[in-house]
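Worksheet: one structure, shown below.
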Amino acid sequence: MRLSQYLMPTRRDVPAGAEIRSHQLMLRTGMIRQSAAGIYSWLPLGLKVLRKIEAIIREEQDRAGALELLMPTIQSADIWRESGRYDDYGKEMLRIKDRHDRELLYGPTNEEQITQIFRDSVKSYKDCPRILYHIQWKFRDEIRPRFGVMRGREFLMKDAYSFDLDEERARKSYQRMFISYLRTFERLGLRAIPMKADTGPIGGDLSHEFIILADTGESAVFCHKALTEIPAPSEDINFDDDLTPFINEWTSHYAATEEMHDEARFNSEVAAEDQISARGIEVGHIFYFGEKYSKAMKCTVQGPDGQMTTLHSGSYGIGVSRLVGAIIEASHDENGIVWPKSVAPFDVGIINLKPGDEAADEVSNRLYKELNAQGLDCLMDDTNERAGGKFATMDLIGLPIQLIVGPKGVKSGVVEIKDRKTGEREEQTIETAVAKIIASHKLT
RNA sequence: CGGGGUAUAGCUCAGCCUGGUAGAGCACUGGUUUUGGGAACCAGGGGUCGCGAGUUCGAAUCUUGCUGCCCCGACCA
């Protein structure tokens, strides 16, 4: 993409009312624009990041054996009456009526919807287990939206739902998602720590929140330092194997959010030098809820013995739009965003310092074409902005690699490669620069 | 939902107290000089001062009702 043909309305001023860095940076880089409290439009740059995150989540869901489908944003009140949640769910649920006065709602979650689909589609134990997921916009009319996309009212969420014949087997589905989440967050450039979460009336040990550590996190969290160091499961993990050893490795250390925190246990189980007390952002939540919806909504299958069995389910959420903010919270500096490679909106930023200079144009265009041909997505600043402005903008939007092409360097056959994260810059011949960038791209 | 704040140009804000021709910086348009870390100068464009009612000869400014947005608290991916 040529910047001269793009829509990327960056700003120098810090927008009023944006408190935290990620929100400020998303507004300043022109990733999003607010359209109402907690409701945002995604401009081209922001949408690219959102799509990249989605793609990684999708790959890891698929790898774990989950099946993608897509349910609507608008749901009928009927199924919520069936589960009993229509009255339980408070003002957070946006209720609407159509022209025939039929009661509808903008879905805050999809347990009812998926349970209806599954019970109407599956009648035999042979079709279990299944894990189904979708990536869809949700709406929760939060009392107080804040922190930009980190707590919006409208938000993009990946939610998966598992259907198993009994609790024992449901546990296996739960483990699949657990491992899948570890891999997903790792690929997003984050260290997410699974922490035991409140299981409510269901009880048991099958609920975890995945938390990333950040000063602006909404809740206090406590964990063992080891959890920041355990390597995530590799991509050749076989999800059909017994995953228990992995789960044990990740759940044997102390980790709790403030609601579940037990100071005495923390102090006795974790040596003082291994204790981490920090703030955390919840980016995922997995939950086994058993027969809660399948019982109320009569989601049953016939077993081999001819008996009807009520299915056991769990739900598994990832806050996709929240992750955009969370990643920025975890990865920025005073000059702007520092994108992890896997989710950067472009792979490389090419700065043509002097458009109109024949040699600079020629080299910039050549680099642009060659890198694009190798599958690298490039943003080329071919505007007439001054050099200082271009550098500042490129640092602000945080592309991992910058290629700086100036008339002076070009004259002696060199361009400059800058690593956004370290700030290191090196002059290279054009050929070497291309080769190096391609090589480093292929590593990831 | 309770408490507090705020609303003036695309953005950040001043002006309001003490009523009298709507301002600055940044951004934008044209020009000159610049040109490797957010340039200088010249000339421009751009505003129902959130909306309604009232007071007044006259309201961005005073009074009042409403709405949006933001912050603090309890709730949430």
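Values below: all heavy atoms of this structure, side chains included; hydrogens, waters and symmetry mates excluded. Order of the sequence lines fixes the chain letters, A, B, ..., with proteins taken first and strands second; residue numbering starts at 1 for each chain.
Taken residue by residue, residues 315-323 of chain A places heavy atoms nearer than 4.0 Å to RNA chain B at G319(A), R322(A).
Both distances falling under 3.5 Å, in either a Watson-Crick or a G-U wobble arrangement, place C69(B) opposite G5(B). When both pairing distances are held under 3.5 Å, U61(B) makes no Watson-Crick or G-U pair with any nucleotide shown. Across all strands shown, A39(B) forms a Watson-Crick or G-U wobble pair, both distances under 3.5 Å, with U33(B). In this structure, C28(B) and G44(B) make a Watson-Crick or G-U wobble pair, each of the two defining distances being under 3.5 angstrom. Shown here, U55(B) forms no base pair; nothing in the strands shown gives a Watson-Crick or G-U wobble contact with both key distances under 3.5 Å.
When all heavy atoms are compared, the tightest approach of K158(A) to A160(A) is NZ-CB, 3.5 Å. The nearest pair of heavy atoms linking T228(A) to K225(A) is OG1-O, 2.6 Å.
Going from atom CZ of R146(A) over to atom P of A77(B) covers 14 Å, rounded to whole Å. Distance, E111(A) CD to A77(B) C1': 12 Å, rounded to whole Å. The NE2-P distance, from H134(A) to A77(B), rounds to 16 Å in whole Å. Rounded to whole Å, the distance from CD on E19(A) to P on C69(B) is 16 Å.
Here G152(A) lies in heavy-atom contact (under 4.0 Å) with a base. At the heavy-atom level, E282(A) lies under 4.0 Å from the strands shown only through sugar-phosphate atoms. Backbone-only engagement by A36(A) is indicated by non-hydrogen atom pairs under 4.0 Å involving sugar-phosphate atoms exclusively.
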Please evaluate residues Q402(A) and D419(A) with respect to the criterion side chain to side chain donor-acceptor pair (under 3.5 Å), reporting the C-alpha separation (whole Å), side-chain torsions for both, the decisive distance (0.1 Å), and the verdict.
CA-CA 7 Å; Q402(A) 297 173 16; D419(A) 182 315; over 6 Å; no
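Open room surrounds CD on E358(A); 12 or fewer heavy atoms of other groups in view lie less than 6.0 Å from it.
Residue pairs that meet the salt bridge (Lys or Arg N to Asp or Glu O under 4.0 Å) test with at least one member in residues 188-197 of chain A, sequence neighbours left out, are E186(A)-R191(A). Counting only residues at least two apart or on different chains, no salt bridge (Lys or Arg N to Asp or Glu O under 4.0 Å) pair has a member in residues 5-17 of chain A. Listed by first and then second residue, the side-chain hydrogen bond (donor to acceptor under 3.5 Å, both in side chains) pairs involving residues 141-155 of chain A are D141(A)-R153(A), R151(A)-E218(A) (not counting sequence neighbours).
For the OP1/OP2 pair of C76(B) and a distance below 4.0 Å, the side-chain nitrogens and oxygens of R153(A) include no atom meeting the criterion. Residue Q34(A) places no side-chain N or O under 4.0 Å from the OP1 or OP2 atom of G68(B). Residue K91(A) places at least one side-chain N or O closer than 4.0 Å to OP1 or OP2 of C1(B).
Y368(A) places a side-chain N or O within 3.5 Å of a backbone atom of M1(A) that can act as its donor or acceptor partner. Between the side chain of T432(A) and the main chain of Q428(A), no donor-acceptor pair closer than 3.5 Å is present.
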Identify all pairs in which a protein N or O lies below 3.5 Å from an N or O of nucleotides 2-4 of chain B, and state each distance.
none

Going 5' to 3' through nucleotides 34-44 of chain B and flagging B where a protein heavy-atom sits under 4.0 Å of the base, S where only the sugar-phosphate is that close, and - otherwise, we get B-BBBB-----
